[in-house]
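Notes for the one structure printed next.
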Amino acid sequence: MNNLVPKDINLVPFVSVDNMMKIVLEIGIENSLVGICDYLEEDFKRWELFDKTPRVASHSNEGVIELMPTSDGEVYGFKYVNGHPKNTKEGLQTVTAFGVLADVNTGYPVLLSEMTILTALRTASTSAMAAKYLMPEGSKSMAMIGNGAQSEFQALAFKAICGIKELRLYDIDPSATDRCIKNLAGRGLNIVKCDSEQSAVEGADIITTVTADKQYATILTDNMVGDSVHINAVGGDCPGKTELHKDILLRSKIFVEYPPQTRIEGEIQQLDEDYPVTELWQVMTGEAEGRTDQKQITLFDSVGFAIEDFSALRYIRDQLEKTGEYQNLDMVADPDDPRDLFGMILRARENMSSKGK
Ligand code: NAD
């Protein structure tokens, strides 16, 4: 990343929710999804260079709060994110997030950003990027089970990145499906509202599961899934939280982000700890095979990994000069003598008393 250090190193660009919405609207939602996908591809293709660790999770009965750090040696990034499925009943969101980039050379932060919207964008771009490499040739129809906050982003990423034309929607709460249909109106997708998981997956080339429930759920059973499909399993992303019946996993070729994290959090927590899986980045660099047969079931067992947030933050940072959508935060203390931090407070007190405060 060039020009990592801003002109005034003590001021940190802050992208608020309002700024993020304006950036996305100015660039266009689909263009933003494609742009983030480009940054993801760049970073997945240099995967080995990154510091990697499973995210640090603090679980409670109601949800989880997580920190997701990584670094490419020049830039460090982390995301704070929660997952609280019960929140929607209280008028709150299931997932909220913010993130930071910092200059490895000085350790100074160079970006603070909202990441609730950005997480939905990066998750959708990652899903569509994986599908681009794994889906059956000529895929045109996607079933989406779970029509909550992530769903419109997923739909548009698959349209823009994979060329999906038909969307088959199902949610246990029909009002969620109605909202999703309304929000996607006029965007060039042929949308079918379905009354069961079974009818949603009929004829679909891609099946996305993006439900929220803090338990071992079975959104799809084995008999619902035929050959020649790609499954994009997004919702199972915590210990004890899965969406697919184990038999589907046993019939699929499974692709993951970072195995040590996915084995704890993904669908594959249902399998033996040495069950063979393929890392997505290796398919992207040509080191491993993706789909090897049109009839195969491929499964992207998505849990969300720190490098994806890093790519998304990098993308947003590169949009700031063009859009001007940020505010500078006075976030790093700046004493005249770097060792005289205490004196800086004393001088501030003198300033305050000279102004009669
Ligand atoms: P949300 O609460 O806004 O929406 C979830 C939807 O799933 C709701 O509309 C709910 O009615 C529906 N649902 C629940 N159980 C269902 C069932 N059995 N069948 C059909 N529909 C069902 O949540 P969200 O923000 O859209 O997130 C969805 C899931 O995706 C969460 O579990 C979240 O943790 C996960 N997620 C994963 C990633 C990742 O990178 N893999 C990123 C973000 C979110």
Side-chain angles (χ1 to χ4, degrees), residues 36 40 55 57 59 62-66 68 79 81-97 99 115-130 143-155 157 168-181 183 193-201 207-221 224 231-245 255-258 261-262 264-268 280 299-309 311-312:
I36 292 171
L40 285 163
R55 58 185 151 201
H59 293 278
E62 301 297 357
V64 63
I65 294 177
E66 298 165 327
M68 303 171 69
K79 178 169 84 171
V81 62
N82 78 304
H84 285 68
K86 56 96 195 166
N87 272 6
T88 42
K89 290 195 190 76
E90 298 162 16
L92 302 172
Q93 290 182 97
T94 299
V95 177
T96 68
M115 286 195 80
T116 305
I117 296 168
L118 193 56
T119 293
L121 290 164
R122 78 80 155 120
T123 303
S125 293
T126 306
S127 286
M129 176 181 74
M144 186 154 53
I145 300 170
N147 306 153
Q150 309 297 318
S151 63
E152 294 94 339
F153 297 90
Q154 289 278 330
R168 305 178 62 78
L169 297 179
Y170 173 71
D171 194 296
I172 39 168
D173 177 357
S175 72
T177 308
D178 291 340
R179 189 217 64 252
C180 184
I181 292 174
N183 283 345
K193 184 179 177 183
C194 302
D195 56 11
S196 66
E197 298 90 341
Q198 180 72 64
S199 68
V201 302
I207 303 171
T208 289
T209 54
V210 60
T211 64
D213 207 346
K214 201 169 168 36
Q215 62 167 344
Y216 292 110
T218 308
I219 307 301
L220 291 181
T221 52
M224 291 181 195
I231 304 175
N232 169 43
V234 179
D237 60 354
C238 258
K241 179 164 168 259
T242 56
E243 295 181 304
L244 307 182
H245 191 281
F255 299 84
V256 302
E257 291 140 317
Y258 180 57
Q261 183 178 308
T262 312
I264 304 169
E265 301 179 352
E267 296 300 324
I268 59 169
L280 181 61
L299 164 62
F300 177 44
D301 186 1
S302 157
V303 292
F305 189 59
I307 294 174
E308 294 152 26
D309 301 308
S311 310

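Each ligand, and each atom within it, is numbered from 1 in the order the structure gives.
Only backbone heavy atoms of Val303 (N, CA, C or O) come within less than 4.0 Å of ligand 1; its side chain stays farther off. Contact annotation for Thr94 and ligand 1: only side-chain heavy atoms (C-beta onward) come within less than 4.0 Å of the ligand. Counting heavy atoms under 4.0 Å from ligand 1, residue Ile172 touches it through both backbone and side chain. Contacts between Asp237 and ligand 1, counted as non-hydrogen atom pairs separated by less than 4.0 Å, involve the side chain only. Residue Ala176 touches ligand 1 through its side chain alone, judged by heavy-atom distances below 4.0 Å. Counting heavy atoms closer than 4.0 Å to ligand 1, residue Lys241 contributes side-chain atoms (C-beta onward) but none from N, CA, C or O. When non-hydrogen atoms are compared, ligand 1 lies under 4.0 Å from neither the backbone nor the side chain of Asn87.
With respect to the salt-bridge test (charged N to carboxylate O, under 4.0 angstrom), the residues Glu66 and Lys79 do not qualify.
Among protein heavy atoms, the minimum distance from atom 8 (C) of ligand 1 is reached at Asp171 OD2, 3.4 Å. Atom 24 (P) of ligand 1 has its closest protein heavy atom at Gln150 CG, 3.5 Å. In terms of protein heavy-atom proximity, atom 30 (O) of ligand 1 is nearest to Gly235 CA, 3.6 Å. Regarding atom 18 (N) of ligand 1, its nearest protein heavy-atom neighbour is Ile219 CD1, 3.2 Å. The nearest protein atom to atom 41 (N) of ligand 1, hydrogens excluded, is given as Ser302 OG, 2.9 Å; this is a heavy-atom distance.
At least one heavy atom of Arg122 lies less than 4.0 angstrom from ligand 1.
In terms of the side-chain contact (heavy atoms from CB on, under 4.5 Å) criterion, residue partners of Asp171 (sequence neighbours excluded) are, by chain and number, Asn147, Asp173, Ala176, Thr177.
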